[in-house]
Amino acid sequence: MGYTKKKIGAVFFAVLMATSMIAMPALATGPGVDAANDRQNSATAQMPVGHGQADGPPGQTGGGPPGHADDGPPEQDERNGPPGHDRGDVNVTVPELEANTSIEAVLNATERLDELDLKDEAASTAANETVESLNASLGEYRQFEYVDSQAAFAHVDDAQRSLADLHDAVDGDNETIVEEISRELYAASDRSARLTVTDAQKVVVANDDEFRNPGQRQSAESALGNAVDALDRADETVSADSSGQGQGTAHSGSPSDRANALTHLENAWKHGERALDTVEDNTEPTLSLSQSQAFERNDTIVVPLRATLSDVRPYAYDEANVTIDGDGEADDISLIAGESADSTATGMTLVDVRPEPENITATVTATHDADSNRSVEATTEIIVDLDDVIPDLPAPDEYQEVEVANESSGVSVNAAGDGLHETTLSVSDETPETDDPYRAGPMVRITNETPIDEATVEIPIDEGALDREGNLSVMTWDPHSEEPWTPVETEIDRDAGVATADVDGFSFFSVFWIDDWEDETSDTITLDGNETDGDVGDGSQIEKSDFVFVIDVSGSMSGSRIVNARKAAQRFVGAFEDDERGALVAFSSSSTLVEGLTTDHDALNSSIESLSAGGLTNTGSGLRDGIDELEANGWENRSQTIILLADGGTNRGPNPVGVASDAAEKDIDISTVGLGSGIDEDELRAIAG
């Protein structure tokens, strides 16, 4: 191909800059950009406020397609009403794209230039100019779908005019490719303009009661009417039929027609933004604060504080200032919003309230990036119930010794193991109401959430039981096995009145008179009423599985959610048997198999630790990748399990509940773990169900 390769690499750099919401300078600012700006200034000067009748290209006094003279005022359109008439309820259809987003459509169109076989300098020059203009346009996107300035349309206008030159310089298949590139570029700009107009319509309707007077409402509605008129004229301009039939398709017309139509799309975008400006002038932003469950970290207590901001343009707020009154501190909050004007901006900070929190309030202030006078403030009291504080758990590979006691029974447990914490051990009093003659102490159930290496169980002996002679022993029973109560090697301290046994797993424990027990059971025994739900024991009877962690890394998982997701997955991996396998799938706008099924648990934990959040939420794609990995590489002699860690709120891709149904048909279990406050519990329950 004959044109210089200042191209696709620069385009991908530009999209990286755009998607990370960093302002990117234009990579090409030639005469075409100035010409586009001049054209826009001319069109704007012809349009009085509230009248959508003069947004054609330079040299037109009316609003007809380019090349059509119109010396007088436009004819009355029964559909549109008179100039400035209320057009706020007109339906605007947003077309779907072959690509996922507007910015991807621009990238796809640019990549297709590689397919061209350019043989002369004129064609190569036109191709280079196209790429330079598109590089500049990518820097004007808000994130993925919405352009954030009029300059974006001007850059694409320049690209279309370069494509028109390229179209004239090639023939045959090359001509067809250039035409398809032109269509895809126009479709991306058309979608962005229409999204802005539909957003403005929603915002105007939602705030109907907020306008200070009818004139303010009429101003917003007139802007919407002008925007709709501009979209109609864009459709007319790209129509292949000069008579006006078959309007409204980017698949007709020529690159030059589409360049002319971009003027109208630019005006539609501008009037949509004016409608939003009017609503902003009549409304105030709101800010609400909520706190999540407190937790321990490094010998202090931390409270997650979440801010939710609502405004006409929530994406115009990047950061909220946090002030703590009392003995505490917190970082400012980074606010994250969707691209649309009907979304909200949210963010979270961690408030360090010290080990003994008291009389602490937090004040959060957010200010509009473009209007320092548009700010909002909220204050909340930080309330901590020390009994509900989540403890600071050790790392999965950190060896710990802990002691847990049950007050009602007097039974205590000393245990040691990696990642062990007192909250991962539980001792519950299960002593029957009947006083069985063979039992010499309370009966308890001991459970553990993380594996243990060793443990000592100490059970008090009933008062007066030591006055008689006989063989006492700690006994254990696993309700999931066919074995009856079984004696454990026991040490009896008659002076202290306790029985002590070293064990390597947990279940039910008590102290029995062995002779009385054998007389009662006569070789075998069946105990009724002691069945339990859930698994117990040392893990030796647990069926091994292949596991796939499917972890949400979308933008809403930023902050503590992704941190907690990583920790939860790593702790689960820490409980794997040596030969158990795990895999990792991460999903946001799309999904990726980060780590295939492996017994290398260190490598799996390293991959989990590398996860970071950003993008949309395509839960179905993530589940599908997990199913595919289990089907392709899962072992037939093992059960297959997907563990989904997410906050819900799917907004892209296939229905995750339908994908979960496919998993069920393949005997693949899905467990869901919701992260954070305000999760989409209904979605996660439906997937797990």
Side-chain angles (χ1 to χ4, degrees), residues 296 390-432 439-462 465 471-512 514 517 527 530-544 570-578 580 601:
E296 290 181 345
I390 300 173
D392 190 3
L393 299 179
D397 58 352
E398 182 180 349
Y399 188 81
Q400 295 285 309
E401 295 181 0
V402 300
E403 181 177 356
V404 177
N406 177 261
E407 184 176 352
S408 63
S409 66
V411 175
S412 64
V413 181
N414 286 274
D418 289 343
L420 202 60
H421 188 270
E422 60 183 22
T423 60
T424 63
L425 289 179
S426 174
V427 182
S428 58
D429 191 347
E430 303 286 344
T431 305
R439 194 176 65 253
M443 183 171 72
V444 295
R445 182 188 182 189
I446 305 175
T447 60
N448 59 302
E449 298 177 13
T450 56
I452 63 167
D453 294 336
E454 56 186 357
T456 299
V457 178
E458 189 175 278
I459 303 176
I461 299 173
D462 290 343
N471 185 14
L472 281 172
S473 178
V474 173
M475 304 283 283
T476 186
W477 171 62
D478 181 356
H480 294 281
S481 75
E482 297 181 357
E483 296 296 322
W485 284 88
T486 304
V488 181
E489 186 174 347
T490 304
E491 180 180 338
I492 302 295
D493 186 339
R494 290 182 175 271
D495 293 335
V498 296
T500 303
D502 293 330
V503 299
D504 57 9
F506 294 134
S507 188
F508 285 83
F509 294 91
S510 189
V511 179
F512 287 178
I514 297 298
W517 167 251
L527 296 180
N530 287 321
E531 296 81 2
T532 64
D533 293 329
D535 199 12
V536 296
D538 61 1
S540 61
Q541 303 298 320
I542 297 175
E543 179 185 358
K544 294 180 180 179
Q570 288 171 334
R571 287 172 181 160
F572 198 99
V573 173
F576 279 2
E577 297 291 330
D578 289 343
E580 281 192 301
H601 301 164

Arg445 vs Ser507, side chain to side chain contact (heavy atoms under 4.5 Å, CB included): CA-CA, chis, key distance, verdict:
CA-CA 6 Å; Arg445 182 188 182 189; Ser507 188; over 6 Å; no
Are [X] and [Y] side-chain neighbours, meaning at least one heavy-atom pair lies under 4.5 Å?
X: Arg439; Y: Val511; value: no
X: Ser409; Y: Glu430; value: no
X: Ser510; Y: Pro442; value: no
X: Met475; Y: Ile514; value: yes

Supply the atom-to-atom distance Glu403 CD to Glu422 CD, rounded to the nearest 0.5 angstrom.
10.0 Å
In Å, rounded to the nearest 0.5 Å, how long is the span from CG of Asp462 to CD1 of Ile459?
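Answer rounded to 0.5 Å: 10.5 Å.
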List the atom pairs, with distances to 0.1 Å, where a side-chain N or O of residues 449-457 and a protein N or O form a donor-acceptor pair under 3.5 Å, not counting sequence neighbours.
from: Thr456; atom 1: OG1; to: Asp502; atom 2: OD1; distance (Å): 2.8

Taking the six-membered ring for Trp, are Trp517 and Trp485 parallel (under 30°), tilted (30 to 60°) or perpendicular (over 60°)?
perpendicular
Does Thr431 have any side chain to side chain donor-acceptor pair (under 3.5 Å) partners at least two apart in sequence or in another chain, and if so, which?
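Expected list: Asp429.
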Look only at the side chain of Ser426 and the backbone of Thr424, and say whether a donor-acceptor pair between them is shorter than 3.5 Å.
no
For His601 and Glu580, indicate whether the former's side chain and the latter's backbone hold a donor-acceptor pair under 3.5 Å.
yes
Any residue meeting side-chain contact (heavy atoms from CB on, under 4.5 Å) with Val427, in chain and number order, not counting sequence neighbours
Val404, Asn406, Val411, Val413, Val444, Ile446
Could I get the full list of side-chain contact (heavy atoms from CB on, under 4.5 Å) partners for Ala496, not counting sequence neighbours?
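In terms of side-chain contact (heavy atoms from CB on, under 4.5 Å), with neighbours along the sequence ignored, Ala496 is linked to Asp493, Val498.
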Other residues, nucleotides and ligands only: do more than 12 of their heavy atoms fall within 6.0 Å of CD on Glu491?
no
Decide yes or no on side chain to side chain contact (heavy atoms under 4.5 Å, CB included) for Met443 and Phe512, but give the supporting numbers first.
CA-CA 10 Å; Met443 183 171 72; Phe512 287 178; 5.7 Å; no
Walk me through it: do Thr447 and Phe506 pass the test side chain to side chain contact (heavy atoms under 4.5 Å, CB included)?
CA-CA 6 Å; Thr447 60; Phe506 294 134; 5.9 Å; no
So which atom in Asp418 and which in Pro396 form the shortest heavy-atom distance, rounded to 0.1 Å?
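For Asp418 and Pro396, the tightest heavy-atom pair comes out as CB-O, 3.3 Å.
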Of all the heavy-atom pairs spanning Pro484 and Thr486, show the shortest one and how long it is.
O-OG1, 3.0 Å
Considering residues at least two apart in sequence or located in another chain, which fulfil the ring pair (Phe, Tyr, Trp, His ring centres under 6.0 Å) criterion with His421?
none
Phe509: which residues meet the ring pair (Phe, Tyr, Trp, His ring centres under 6.0 Å) condition with it, sequence neighbours left out?
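Not a single residue meets the ring pair (Phe, Tyr, Trp, His ring centres under 6.0 Å) criterion with Phe509.
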CA sep, side-chain torsions, deciding dist, call: Thr476, Val503, side chain to side chain contact (heavy atoms under 4.5 Å, CB included):
CA-CA 10 Å; Thr476 186; Val503 299; over 6 Å; no
